[in-house]
Amino acid sequence: FVGWYYGANRSAKARVIVGKDTRRSSYMFEAALVSGLVASGADAYMLHVIPTPGVAHQTVEGCFDCGIMISASHNPFCDNGIKLVNSDGFKMDEDVLELIEDYIDGKSEVPLATGNHIGATVDYMQGRNRYIASLIASANFSLQGVKIGIDCANGSASSVAKPVFDALGADVRVINAAPDGFNINVDCGSTHMERLQRHVVEQGLDVGFAYDGDADRCLAVDERGRVVDGDQILYVCGVYLNKHGRLSGGTVVPTIASNFGLIKSLELAGLSAVTSGVGDRHVYAKMRAGGYSLGGEQTGHTIFGDIERTGDGIMTSLRVMEVIRAERETLSQLTAPCKLLPQAQVAVRVANKDAALENMGVQNAIAEAEAALANVAIVGASAGEGLGVSYLHWIIGDATRSIVVESRADGMHVMDDPVDVLTNQPSLEWHLENLRSYVTATSDFPANAQWGRAELAPYGAGAGMRGIPGDCYSP
């Protein structure tokens with residue numbers, strides 16, 4: 001359908017570019033898609049394995065009618081999907097997607113090309129090389145002497161990321177860059193940060209970057225082994241760009257799922273935040289509507305609107321390195337002013353998402369909860385055990401002021417920074433009782449306040465104890 005829509009439907013010869021990630025099934029889908037394109041009369045240009053943003057970039061640079069990326073992003077190898085971008089490098093327009101779905105559902109038919117009207121298949125490896133060259137050219141700085149760890153998730157970044165950093169002079173230490181068709185995203189990449197955290201600490205690296213399967217996401221690890229998520233990347237880049245007059249309107253576009261601490265930290269830095277719906281499509285739509293130049297998601301989709309049209313994980317890591325080099329600070333120092341608050345997200349299955357969100361009862365409940373929590377103190381905790389260590393951290397305060405407290409065997413300590421690995425191993429119950437006594441003695445919390453404990457899902461680096469994973473608790 002795509003080959004016909006952009007070709008014979010317009011009395012023209014369509015030119016379509018095709019890329020894929022490293023899943024075993026991606027090769028099968030590539031063959032099927034290319035066959036369909038040439039059968040409809042279109043010329044199919046094969047980029048082979050490339051990040052999704054590489055397809056978007058080359059669709060524009062090569063003046064193609066549209067681009068197709070075969071990938072299921074951060075999902076397991078057994079899943080797969082198809083992403084389409086228009087000639088401007090944006091995600092395909094909804095009206096065209098609806099026509100494609102109608103064709104798939106058998107509601108429409110298209111004629112096949114015959115004779116000399118069938119399309120050609122073109123090996124377009126030069127497109128991937130041009131994409132790599134564009135990434136290198138976007139960096140006007142040297143990384144000579146900088147030690148960088150990269151986790152390629154055994155995905156599309158495996159053959160792209162290292163050449164970029166090598167060209168800039170970095171000392172690159174790569175992990176998870178040996179795709180076999182089945183190991184994409186398996187205990188690696190931006191959805192499993194633990195290996196990169198340990199890699200950075202054990203190798204004594206300056207910084208680490210992790211991508212997902214199709215490399216449109218990027219999360220970072222600072223020199224201490226702590227995860228730097230998409231919200232913190234937005235903060236670091238937003239403050240830097242604003243300082244140099246490169247942040248349109250002094251505004252950053254996070255999503256409604258972003259940490260509230262990011263919003264407050266941006267405000268304290270003199271910046272504004274305009275939230276969008278979840279999803280990079282919604283982020284970019286909000287950016288275009290408001291003329292903003294920076295937006296993104298907590299998951300690591302970060303869009304630099306002045307130079308790209310979609311999230312690009314490798315580009316994001318280059319922009320973070322630009323800040324580190326220009327400011328001459330470590331990543332932990334750059335993220336320190338961004339005080340994230342305790343956060344929990346729960347997925348609720350509904351029959352119709354839009355109807356549920358528009359329901360007045362739901363909207364009223366949300367408004368009541370926001371009003372009730374406006375002046376309530378927040379007590380967030382992160383606890384864990386790993387490498388023979390137990391620890392417990394709390395953030396105590398409200399939306400505008402907070403302190404970090406650590407429970408150790410020798411008592412409670414107000415922290416300026418996480419401590420090194422502990423030697424004594426008190427129990428979690430001991431930690432919680434220690435907190436109760438501390439809060440009662442040092443704050444205006446009522447002595448008869450109700451206490452409870454809710455175990456949440458594992459939260460990456462716990463409280464940042466050199467990357468030791470842990471579980472979250474809310475006393």
Side-chain angles (χ1 to χ4, degrees), residues 21-22 49-54 71 73-74 128-129 131-136 138-139 141-180 183-230 232-233 236-237 299-302 311-325 330-332 334-335 460-461 467:
D21 68 14
T22 59
V49 174
I50 190 172
T52 291
S71 176
S73 190
H74 58 281
R128 189 178 74 173
N129 295 336
Y131 169 62
I132 293 174
S134 72
L135 290 170
I136 297 170
S138 73
F141 51 86
S142 170
L143 295 177
Q144 194 72 37
V146 182
K147 294 180 290 185
I148 300 175
I150 296 177
D151 185 341
C152 295
N154 294 312
S156 293
S158 298
S159 58
V160 175
K162 189 176 188 299
V164 172
F165 285 97
D166 282 342
L168 296 174
D171 178 0
V172 188
R173 315 287 179 86
V174 181
I175 59 174
N176 302 312
D180 62 8
N183 60 359
I184 184 170
N185 298 317
V186 176
D187 297 326
C188 60
S190 61
T191 54
H192 299 277
M193 297 292 290
E194 296 84 4
R195 290 183 66 180
L196 180 61
Q197 290 176 270
R198 294 182 183 275
H199 183 60
V200 168
V201 173
E202 291 169 359
Q203 296 288 321
L205 307 183
D206 299 307
V207 67
F209 297 105
Y211 311 113
D212 65 338
D214 66 336
D216 62 351
R217 298 186 186 190
C218 172
L219 296 183
V221 172
D222 69 21
E223 75 284 358
R224 300 180 181 185
R226 298 183 296 188
V227 173
V228 175
D229 68 15
Q232 293 166 298
I233 289 174
V236 168
C237 293
T299 54
H301 282 122
T302 307
D312 186 329
I314 299 173
M315 179 65 77
T316 297
S317 53
L318 290 175
R319 298 285 70 82
V320 172
M321 288 310 307
E322 176 185 345
V323 181
I324 292 174
R325 296 297 275 175
T330 65
L331 188 53
S332 65
L334 292 167
T335 57

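Start at 1 with the first residue, then count along the sequence.
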Original post:
salt bridge (Lys or Arg N to Asp or Glu O under 4.0 Å) with Asp21: which residues, sequence neighbours excluded?
Top reply: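 In terms of salt bridge (Lys or Arg N to Asp or Glu O under 4.0 Å), with neighbours along the sequence ignored, Asp21 is linked to Arg23.
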If you look at every heavy atom in [X] and [Y], which pair is closest and at what distance?
| X | Y | answer |
| --- | --- | --- |
| Leu135 | Met315 | CD2-CE, 3.8 Å |
| Arg226 | Ser332 | NH2-CB, 3.5 Å |
| Gln144 | Arg325 | O-NH2, 3.8 Å |
| Ile150 | Leu196 | N-CD1, 4.3 Å |
| Leu318 | Phe141 | O-CZ, 3.4 Å |
| Ala177 | Ser158 | CA-OG, 3.6 Å |

State, with a plain yes or no, whether a side-chain heavy atom of [X] is found less than 4.5 Å away from one of [Y].
| X | Y | result |
| --- | --- | --- |
| Val174 | Cys152 | yes |
| Val146 | Phe165 | no |
| Cys188 | Ile175 | no |
| Ile148 | Asp206 | no |
| Asp212 | Thr191 | no |
| Pro51 | Val160 | yes |
| Leu168 | Ile136 | yes |

**OP:** Kindly indicate, with the supporting measurements, whether the criterion side-chain contact (heavy atoms from CB on, under 4.5 Å) is fulfilled by Arg195 and Asn176.
**Re:** CA-CA 9 Å; Arg195 290 183 66 180; Asn176 302 312; 3.0 Å; yes
Using modelled atom types and a 3.5 Å cut-off, is there a donor and acceptor pairing between side-chain atoms of [X] and backbone atoms of [Y]?
| X | Y | answer |
| --- | --- | --- |
| Asn183 | Val186 | no |
| Gln203 | Val200 | no |
| Asn154 | Ala178 | yes |
| Ser156 | Ile50 | yes |
| Asp222 | Leu331 | no |

Scan side-chain atoms only and decide if [X] and [Y] contain a donor-acceptor pair under the 3.5 Å cut-off.
| X | Y | answer |
| --- | --- | --- |
| Thr330 | Glu223 | yes |
| His74 | Arg217 | yes |
| Asp216 | His301 | yes |
| Tyr211 | Ser317 | yes |
| Ser159 | Arg128 | yes |

**OP:** List the steps, then state whether side-chain contact (heavy atoms from CB on, under 4.5 Å) holds for Leu219 with Val228.
**Re:** CA-CA 6 Å; Leu219 296 183; Val228 175; over 6 Å; no
**OP:** Evaluate the criterion side-chain contact (heavy atoms from CB on, under 4.5 Å) for residue pair Thr316 and Ile233; output intermediate values, then yes/no.
**Re:** CA-CA 9 Å; Thr316 297; Ile233 289 174; 3.9 Å; yes
Original post:
Can you tell me how far the CD atom of Glu194 sits from the CG atom of Asp151, to the nearest 0.5 Å?
Top reply: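 Here the interatomic distance stands at 10.5 Å.
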Subject >> side-chain contact (heavy atoms from CB on, under 4.5 Å) between Arg173 and Lys147, intermediate numbers included >> reply: CA-CA 7 Å; Arg173 315 287 179 86; Lys147 294 180 290 185; 3.9 Å; yes
